[in-house]
Asks: 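Dropping the structure in here first, questions after.
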Amino acid sequence: MQINIDKTAIVIDAVEHFDLKQTLECGQCFRYECLDNNEYIIVAKGYMLHVKQEGDRLSFYNSTMEEVQSIWIPYFDLDRDYGEIKRRLNEKDNLIGEAIEQKSGVRILNQDFFEMLITFIISQNKQIPHIMQIVARISERYGEYIGEWNAKKYYSFPTPEVLGQATEQDFLDMKAGFRAKYLVDACRRIINRELCEEELYQMDYEEALEKIQIINGVGEKVGNCVLLFGIGRREAFPIDVWMARIMERLYFNKPAKKEEMQAFAKEHFGEYGGYAQQYLFYFARDNRVK
DNA sequence: TGCCAGGAAGTCC
DNA sequence: GGACTTCATGGC
């Protein structure tokens with residue numbers, strides 16, 4: 001991968017299988033702001049990033065060469081061969097091809113575990129814009145100031161220790177609703193190490209999925225999202241209402257149980273389940289599949 | 001106004 | 001063990 005220093009930015013030319021807008025707006029990320037066409041402010045990994053894509057050129061405006069290499073290339077999953085992933089998925093069947101083609105610039109972001117845990121507990125029974133609002137409130141109140149753009153200030157996502165100081169009432173004030181008690185429970189169990197990130201990396205997928213559900217408010221769907229987006233388990237296959245709709249349409253042709261769909265995904269997509277899921281989810285949601 | 005949202009837990013039988 | 005209900009909040 002060729003990385004260059006321009007007058008105003010660190011630049012990567014000839015990026016493939018990547019579209020900044022699709023990758024941010026496909027439903028996996030909740031901390032971005034669109035400035036202009038394919039130009040964004042992103043908050044991740046404790047940094048505020050100003051980034052823009054023009055064709056196959058990706059420009060990082062407020063970053064160093066070292067940060068691009070050590071933080072942003074891994075974050076955007078840019079050192080993975082998505083051409084190979086797409087070939088493998090297209091070998092499985094000819095039904096997923098349309099979704100891959102329409103959403104071909106999606107990559108799975110490598111986000112932080114604790115942030116994904118809290119974010120996806122919030123996500124249950126909520127629409128994406130509202131999830132983003134609540135995560136922004138949490139960061140403003142408990143995160144650290146990391147920069148501003150156009151007079152708007154940005155804040156990092158808090159650590160478990162800091163967010164652990166919030167009470168159920170605090171989460172209610174931030175409009176988390178009935179999830180407030182789950183959030184308190186999650187912080188507590190992370191702080192006292194009933195669940196820790198390191199052990200999840202060492203467990204196999206099934207074991208990790210079971211373990212993460214010790215947290216009150218984390219079930220199979222939320223657990224899979226955390227493993228996929230926060231622990232890098234690409235075999236994870238979260239099934240929400242949109243995934244159920246698109247799978248019933250493409251693979252079952254009738255109403256199906258979640259358990260059946262989960263088993264099908266494991267057998268059919270295997271280690272590529274997470275990628276398949278994201279192409280299908282974004283396709284279904286963006287096209288309002290009923 | 002009623003229905004739904006990247007669901008999970010509680011409660012019934 | 002499966003089906004049904006409840007849980008806040010906001011957008012349409």
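Order of the sequence lines sets the chain letters (A, B, ...), proteins ahead of strands, with each chain counted from 1.
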Asks: Less than 4.0 Å between a side-chain N and a carboxylate O, is that true for A/D185 and A/K181?
Replies: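 Answer for the salt bridge query: no.
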
Asks: Counting the atoms with a prime plus P, OP1 and OP2 as sugar-phosphate, which does A/Y282 contact under 4.0 Å by heavy atoms, base, sugar-phosphate, or nothing?
Replies: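 Here A/Y282 touches no strand at all.
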
Asks: Expressed in whole Å, how much space separates the C1' atoms belonging to C/dA3 and B/dG6?
Replies: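 These two C1' atoms come out 23 Å apart once rounded.
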
Asks: Using a cut-off of strictly less than 4.0 Å between a heavy atom of the residue and any atom of DNA chain B, enumerate the qualifying residues of residues 115-127 of chain A by number.
Replies: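 Listed by number, they are A/S123, A/Q124, A/N125, A/K126, A/Q127.
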
Asks: Judged by modelled atom types alone, do A/R179 and A/S123 share a side-chain donor-acceptor pair under 3.5 Å?
Replies: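 Absent: no donor and acceptor within the cut-off.
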
Asks: Mind checking which nucleotides bracket the chain A contacts on DNA chain B, 5' to 3', with an atom under 4.0 Å from a heavy atom?
Replies: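 For DNA chain B, the relevant span reads B/dA5 to B/dA9.
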
Asks: Are A/N224 and A/Q277 linked by a side-chain donor-acceptor pair shorter than 3.5 Å?
Replies: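 No, no side-chain donor-acceptor contact under 3.5 Å.
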
Asks: For DNA chain C, produce a single dot-bracket line, 5' to 3'. Pairs: Watson-Crick or G-U wobble, both distances under 3.5 Å. Symbols: ( ) within strand, [ ] crossing, | other strand, . unpaired.
Replies: |||||||.||||

Asks: With heavy atoms under 4.0 Å as the rule, sort A/Q278 into base, sugar-phosphate or nothing.
Replies: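 Base contact.
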
Asks: Please list all pairs meeting salt bridge (charged side-chain N to carboxylate O under 4.0 Å, His left out) that have one or both residues in residues 1-12 of chain A, counting only residues at least two apart or in different chains.
Replies: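 Passing the test, one end in residues 1-12 of chain A: A/D6-A/R57.
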
Asks: Going by atom types alone, do A/Y275 and A/R80 pair a side-chain donor with an acceptor below 3.5 Å?
Replies: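 Distance-only check passes for A/Y275 and A/R80.
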
Asks: Measuring from A/I138:CD1 to A/E115:CD, what's the distance to the nearest 0.5 Å?
Replies: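 Going from CD1 on A/I138 over to CD on A/E115, the span is 10.0 Å.
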
Asks: Below 4.0 angstrom, which residues in residues 168-187 of chain A have at least one non-hydrogen atom near DNA chain B?
Replies: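 Contacts with DNA chain B under 4.0 Å: A/F178, A/Y182.
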
Asks: Does the structure place the NZ or CZ of A/K103 under 6.0 Å from the centre of the six-membered ring of A/Y282, at an angle of no more than 45° from the ring's axis?
Replies: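 Verdict for A/Y282: a cation-pi partner in A/K103.
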
Asks: Under a criterion of less than 4.0 angstrom to any heavy atom of chain A, what are the 5'-terminal and 3'-terminal contacting nucleotides of DNA chain C?
Replies: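 It runs C/dC7 to C/dG11.
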
Asks: So what does A/G217 hit on the nucleic acid, given a heavy-atom distance under 4.0 Å: a base, only sugar-phosphate, or nothing?
Replies: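 Answer is sugar-phosphate: A/G217 comes under 4.0 Å of backbone atoms only.
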
